[in-house]
There are 2 protein chains.
Amino acid sequence: MVTSIREIAALAKVSVTTVSRVLRNNGYVSESVRKRVLEVVESQNYHINLNARGLRSNSTNIIGIIGQNPYVTPYYGAVAKGILQACNERDYEVITFLVGSPEEELRAVKLAIERRLDGILFSTVRNLQSLELLHQYNIPIVLIERFFDVNYVGKAGVENSAGAFMATEHLIGLGHERIAILSGDLDPGNPTKHVDADRFSGYCQALAKHGLPLDEAIVALQDYGVSNGFKAVDGFIKRGERFTAVFATSDTLALGAYNALAFNGYKVPEDCSIISFENVLPDYFMLPLTVVDQHVIELGHAGADLLIEHIASKKPFSGKEELLAMDLIQGKTVERPGRGVNARKPRR
Amino acid sequence: MVTSIREIAALAKVSVTTVSRVLRNNGYVSESVRKRVLEVVESQNYHINLNARGLRSNSTNIIGIIGQNPYVTPYYGAVAKGILQACNERDYEVITFLVGSPEEELRAVKLAIERRLDGILFSTVRNLQSLELLHQYNIPIVLIERFFDVNYVGKAGVENSAGAFMATEHLIGLGHERIAILSGDLDPGNPTKHVDADRFSGYCQALAKHGLPLDEAIVALQDYGVSNGFKAVDGFIKRGERFTAVFATSDTLALGAYNALAFNGYKVPEDCSIISFENVLPDYFMLPLTVVDQHVIELGHAGADLLIEHIASKKPFSGKEELLAMDLIQGKTVERPGRGVNARKPRR
DNA sequence: TTGTAAGCGTTATCAG
DNA sequence: CTGATAACGCTTACAA
């Protein structure tokens, strides 16, 4: 089996340099020679060794994704899909690092350096140290929906505040005044704190604009996930809170909210409306979901494009930040206010 | 910045060979020298170049996943998680190829060869050609829940027939006699045909063993996914079919079935039981799901372990097949037969 | 226990 | 337009 361009060169009666030029589509090669070389390549079923190329040319055409949760939640699955599609189109491969702790994160970063990856996408970062180590090695970084205050990284995200405002105002516009919110927690330790703060802030702004009070009794800021959505809304109901709509900042929270309402005998949207905020679980609901679409796959595209663009340009990031706008998708889980939860018979 | 063992060697006043030995923990090195070398490595913040190592030693410690759907469905997300965990423990990295067509599959295979990947895991294969090309290059292959009839690949899967038998018999044991099934289609073109045939066969065997007839009117063999589950069960209901339980061979189908029952005013499990077959969406249901657990993450582990083991051994596969057994998890979506669907007022 | 030197397969440089 | 040759950073005989 032919495994090197030297053998190809011998068979085509040219130099290795010429073969290399043909294979890279780079430099001057006469049409006749190029054809001869390609014929030999084809007939010998030759496949170039990209590791050798990378060693010599100092670029691997591989990027890394480092994240806490890639692929286990539908959100990260959709982000990953977008990244893979974009990289595929631009002849980059993707190595995935699944990290669950700051130590594992640092180990992934070191591996990325050892593999001489051309760039890194973070879907979760815990340590500033990780970013600085990569920066020291001149490896471009893009953060996806994560906001560390450093100027040497690129950022791709969505307009969380505007999106949350839109969702809330949509409900208010239909007449809702008691709108529960389920969203991420705002603890300093939460790595997605900025994102979650923006979402909550959009909600608060919409309430304020329309003169509605913020009632903390129907605010649940905590981890994402279906069961957390269930527990939060089930808790509201059991505690006798009244509300006519739920704004969930993820589809998983929305599904949990839906289940809790159904479990307690409430109908969506007749008794209570639900508006969600991702659109990664389009068909998981009994009714078409009313949702503010975050365009998560496009977010993956944007992150990968930003990174690859920058790898090509070899210039430092100027704090560039790509923010995607969201769209409201009208489903059937939002209606004008109905009876509401605990309207007639508060349980305590 | 120090980027080669030559510089490390100079600083530690030893030869490059010695540095290499220290870095690989291989060969004889005196304790004092080893310590000196490691100190220099540490103080210079040196990171080895794994591409150079791979070029020389002819092994990259990278494997590839090739699949149609990695990460977009919860099932593949769980498989991928298992693979990544197993590889992580054994110092392998993973490159993911998302392929949607036979042409893309072949392109991914060629890239895998060009990158000199140490092995390939397939979660979908369409072309025998893909396998043969890899085999020609001596790249070990493991198929996950996919069964091509070639002897040079390893296989990891689950006991589909036994699992489906278990699920069906569980329902029969509680007194169910009209059990609808939702499962994958058996068209020759379906790449998961073997898996789906095994599942359906387990169902049929259980019915036969207990003298129950197979009624094709409550059999829906088609693509997976929530909306397909919904449509199938909604169709049964609208057509007036009677049944007291649904066996869904994926959690997404089960969720769709659940939604269809609820949409039509039936309660689970009072009116109709549901048993599912994956356990990758544990908390997505209103009630704890009764499900035959496929241990999908372990399946990922098993596939990766099998592959890596084989890469290390350098021996050809002897058609080795790893089959995981399943377990029944008792939730709250299965009960003794209740009223049943269309029991009193068949719609036609 | 340590070192010398060749070579993995490619690309970059320079010369023709 | 084409080619000879020296790297890239590492491992692997082989020698000492």
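Computed from a predicted structure; not experimentally measured. Naming: A, B, ... by sequence-line order, numbering from 1 per chain.
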- prompt: Distance only, no hydrogens: is a donor on one side chain within 3.5 Å (strictly under) of an acceptor on the other, for A/S32 and A/R36?
  reply: no
- prompt: For A/R24 and A/S20, does a side-chain donor sit closer than 3.5 Å to a side-chain acceptor?
  reply: yes
query: Are A/E93 and B/R115 close enough for a salt bridge, meaning some N to O gap below 4.0 Å?
result: yes
Check: [X] side chain, [N] base, donor-acceptor under 3.5 Å:
X: B/R56; N: D/dG9; result: no
X: B/R21; N: C/dG3; result: yes
X: B/T17; N: C/dT4; result: yes
X: A/S20; N: C/dA12; result: no

Report yes if at least one side-chain N or O of [X] is closer than 4.0 Å to OP1 or OP2 of [N]; otherwise report no.
X: B/T18; N: C/dT2; value: no
X: B/S4; N: D/dC8; value: no
X: B/R24; N: D/dT12; value: yes

query: Measuring from A/D305:CG to A/E298:CD, what's the distance to the nearest 0.5 Å?
result: 11.0 Å
query: Between B/S15 and B/N58, which has a closest nucleotide on DNA chain C that is more 5'?
result: B/S15
- line: When A/R6 and A/S57 are each assigned the nearest nucleotide of DNA chain C, the 5'-most assignment goes to A/R6
- prompt: Of all the choices, D/dG3, D/dC8, C/dT11, which nucleotide is nearest to the side chain of A/V16 once you look at every atom?
  reply: C/dT11
task: Classify the nucleic acid contact of B/L50 as base, sugar-phosphate or nothing, counting any heavy atom under 4.0 Å across all strands shown.
output: nothing
query: Rounded to whole angstrom units, what separation is found between the CD1 atom of B/I8 and the C1' atom of C/dG3?
result: 18 Å
